[in-house]
Protein chains: 2
Amino acid sequence: MQSKPTTIKEIAKILNISPSSVSRGLHDHPSIGAVTREKIKQLAKSLNYEPNNTAILFQKGKTYTIGVILPELSEHFFSTAISAIEDELLKKNYTVIFAQSHDSYEQEVRLVEKMKNQRVDGLLVSISKDTSKFDHFEKLSSFNIPVVFFDRIPPFKNVHYVACSIENATIKAVNFLLKKGHRTIAMINGPTTLFASNERKDGYMQAITFNRLKYDPSLIINCDLTEQGTIDAANQFINHKRKPTAIVAFNDYVALFLIKYLKKLNVIQDFDLVSYANLPIISYIDNSPIASVEQYPYLQGQKAANILLDLINAPKAENQAYYNTIVESDLVINEEK
Amino acid sequence: MQSKPTTIKEIAKILNISPSSVSRGLHDHPSIGAVTREKIKQLAKSLNYEPNNTAILFQKGKTYTIGVILPELSEHFFSTAISAIEDELLKKNYTVIFAQSHDSYEQEVRLVEKMKNQRVDGLLVSISKDTSKFDHFEKLSSFNIPVVFFDRIPPFKNVHYVACSIENATIKAVNFLLKKGHRTIAMINGPTTLFASNERKDGYMQAITFNRLKYDPSLIINCDLTEQGTIDAANQFINHKRKPTAIVAFNDYVALFLIKYLKKLNVIQDFDLVSYANLPIISYIDNSPIASVEQYPYLQGQKAANILLDLINAPKAENQAYYNTIVESDLVINEEK
DNA sequence: TTGGTCTAATCAAACGTTTGCGTGGTTTTT
DNA sequence: AAAAACCACGCAAACGTTTGATTAGACCAA
């Protein structure tokens with residue numbers, strides 16, 4: 001009933017030829033005659049022969065497997081990105097294995113170790129919030145396992161990465177608000193420890209100074225991204241001597257908290273909001289942000305996957321230059337308003 | 001620089017013992033003396049020895065790899081479920097590979113084939129919308145690859161599965177609305193071809209008849225789950241001679257379309273909505289459903305993963321009985337209202 | 001002394017596939 | 001007719017690890 005899978009050896013024995021000939025026949029090697037080749041293929045098909053992958057991988061010392069490590073799969077951004085990665089790698093007959101760091105540095109270190117033991121051909125990583133040391137990735141290069149970071153990338157250039165320029169995006173966002181006539185624009189930013197916070201701040205300042213406006217540091221509040229933190233920030237803006245007319249929210253979650261609170265106070269009409277896209281359906285909400293920074297997770301995933309394939313298949317000598325790919329972000333204007 | 005990984009053989013040569021002793025030493029086999037064992041372990045550590053997984057898998061004929069096939073990873077339900085699966089299987093040192101059918105039957109067939117060639121130890125599957133034939137799964141049993149279906153399951157009992165009883169959930173939902181005083185309850189259902197549609201209908205009817213109310217077939221409309229389809233259904237209800245006061249939406253997407261349209265017509269206040277949870281943030285929306293059927297994707301994923309492990313590790317003879325696990329769904333009342 | 005039990009290790013096969021090299025036999029070239 | 005070229009295939013090693021069978025030596029009992 002539960003037949004052991006057919007092997008090349010068995011085919012060889014039946015046909016009274018050597019296993020190597022069978023292997024070559026199945027691979028259309030020129031040194032196998034057409035007649036024999038067809039006999040091999042026919043028998044293989046009729047016996048339901050399936051190459052034993054573990055044997056091939058072992059023999060070749062390659063796994064055709066790509067590891068993906070990301071913080072949280074149930075975040076829409078990441079599930080979309082890995083969806084792209086899987087689509088892209090499947091085309092090239094690679095297999096994807098993945099794991100979640102759950103934003104823990106220790107877990108990330110463990111996972112990198114595990115992926116290395118699994119002998120992945122390459123790694124795609126979006127780093128955890130907790131990660132500030134990167135030794136665990138450096139070890140990989142000595143094993144010749146290329147790594148491409150995406151979206152959440154380390155703060156230096158000598159790695160391969162794909163990311164969105166949040167700075168540029170923020171410039172676009174603030175410019176958009178300025179063009180709409182806003183002159184006092186506030187920002188609910190994340191913790192100063194986050195690279196992403198600095199990018200937002202830099203973009204904000206660039207837009208403000210480029211437009212010859214005065215930069216008021218009290219209009220940028222660093223919060224912990226919780227609901228209470230958002231409420232505290234909102235209160236500061238509402239009571240600000242220069243009460244802002246527009247607020248840039250760190251992300252859609254913050255925007256949600258903000259909308260909820262401003263509605264409760266019945267002052268939502270006093271503000272135009274802009275946010276960074278996390279939630280696909282945010283535009284369905286009443287008083288939703290009038291614009292969103294789209295970071296193209298699918299595109300980022302695609303590009304990262306293809307870069308990794310390049311690295312895997314490149315001659316070793318060429319691995320000198322680093323891919324630093326920036327995916328341009330767009331400001332998506334919410335038509336509903 | 002790029003050192004080839006250390007092998008057991010090398011360790012053996014350095015220590016002047018046989019590879020088998022090294023292997024046994026590393027595995028604490030009793031027939032290796034404590035002194036030798038420690039020498040082996042020390043040297044292994046200092047040489048950064050990592051077992052070559054592909055070799056082990058090949059040798060053991062097991063891959064310690066579980067395949068997961070699901071329709072669409074970027075759907076919140078599925079990303080949560082696979083997140084649970086990964087968490088659960090990582091604990092047991094299994095590796096997860098996954099692929100998306102994108103709701104295509106042909107793709108699903110290809111993927112099952114691919115997973116089989118990858119020699120996965122088992123398969124977790126949520127079937128595609130297009131799938132009505134199941135031969136591709138039956139083939140797996142002859143290769144002794146167990147399959148556990150979750151959420152989207154085939155319409156028969158002689159398979160292993162984990163799912164939520166949408167029927168029970170619907171009974172709860174309708175009962176909830178009845179208790180709130182509603183007497184005319186409508187339902188926007190999916191296409192009749194979908195198993196999920198029948199479950200909803202059955203649940204609806206059971207609740208109605210159990211409460212000795214008259215069942216009015218015109219209050220259940222089968223739609224194609226598009227925005228236009230939802231609008232058409234809504235129009236029928238609005239113009240219905242017995243205009244309903246509550247509507248059960250097929251899912252959150254339909255609910256979103258519905259809310260949008262009813263708001264536009266300014267009749268949203270005339271209806272109480274209930275939906276089935278797909279979108280985590282739906283409750284943040286104004287006029288959101290007053291209750292949602294929670295289907296516990298994380299729990300379903302966990303259970304499916306554990307059942308699969310049971311099947312993999314069970315003695316062959318015991319594989320007779322089928323796991324048919326129903327995860328109870330809950331009606332989550334939206335407090336905001 | 002013979003036989004038995006234990007300990008600590010070795011030997012060799014096995015898993016399935018790929019691949020460099022070798023080798024008869026036939027055909028072509030000079 | 002000898003040399004060269006080519007065709008179609010076989011041989012055997014290799015990839016790294018595990019494991020059943022075996023062994024050499026030490027110790028003990030009768």
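Naming convention: chains lettered A, B, ... in sequence-line order (proteins, then strands); numbering from 1 in each chain.
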(request) Hey, could you give me each pair passing salt bridge (charged side-chain N to carboxylate O under 4.0 Å, His left out) that has a residue in residues 52-80 of chain A? Not counting sequence neighbours. (result) none
Donor-acceptor pairs are to be reported for all side-chain atoms of residues 40-48 of chain B against protein atoms at under 3.5 Å, with residues two or more places apart or in another chain.
from    : atom 1 : to      : atom 2 : distance (Å)
B:Lys41 : NZ     : B:Asp28 : OD1    : 2.8
B:Lys41 : NZ     : B:Asp28 : OD2    : 3.4
B:Ser46 : OG     : B:Leu43 : O      : 3.1

(message) If you take any heavy atom closer than 4.0 Å to DNA chain C, which residues from residues 8-22 of chain A end up in contact?
(response) A:Ile8, A:Lys9, A:Ser20
(message) Quick check on contacts: within residues 42-63 of chain B, what sits under 4.0 Å from DNA chain C by heavy-atom distance?
(response) B:Phe58, B:Gln59
(message) Tell me every residue that passes side chain to side chain contact (heavy atoms under 4.5 Å, CB included) with A:Phe58, counting only those two or more places apart in sequence or in another chain.
(response) B:Thr54, B:Ala55, B:Phe58
(message) Going by the rule salt bridge (Lys or Arg N to Asp or Glu O under 4.0 Å), which residues pair with A:Glu113 if we only count those two or more places apart in sequence or in a different chain?
(response) A:Lys116, A:Lys139
(request) Specify the residues of residues 33-40 of chain B, ordered by number, for which at least one heavy atom lies under 4.0 angstrom from an atom of DNA chain D. (result) none
(request) Under the salt bridge (Lys or Arg N to Asp or Glu O under 4.0 Å) rule, collect the residues that match up with A:Arg24, sequence neighbours excluded. (result) none
(request) Taking heavy atoms of chain B and a 4.0 Å limit, find me the 5'-most and 3'-most nucleotide of DNA chain C within that range. (result) C:dA8 to C:dG16
(message) Do the side chains of B:Asp310 and B:Lys303 get close enough for a salt bridge, i.e. N-O under 4.0 angstrom?
(response) no
(message) Using five pairs at each end of the helix from C:dT1-D:dA30 to C:dT30-D:dA1 to define an axis, what is the angle between those two axes, to 10°?
(response) 60°
(message) Filter on ring pair (Phe, Tyr, Trp, His ring centres under 6.0 Å), then keep only pairs touching residues 64-83 of chain B, sequence neighbours left out; what's left?
(response) B:Tyr64-B:Tyr94
(request) Report yes if the distance between the aromatic ring centroids of A:Phe137 and A:Phe149 is under 6.0 Å, otherwise no. (result) yes
Could you give the side-chain donor-acceptor pairs of residues 7-15 of chain A under 3.5 Å, partners two or more places apart or in another chain?
from    : atom 1 : to      : atom 2 : distance (Å)
A:Thr7  : OG1    : A:Lys9  : N      : 3.3
A:Thr7  : OG1    : A:Glu10 : N      : 3.3
A:Glu10 : OE1    : A:Thr7  : N      : 3.4

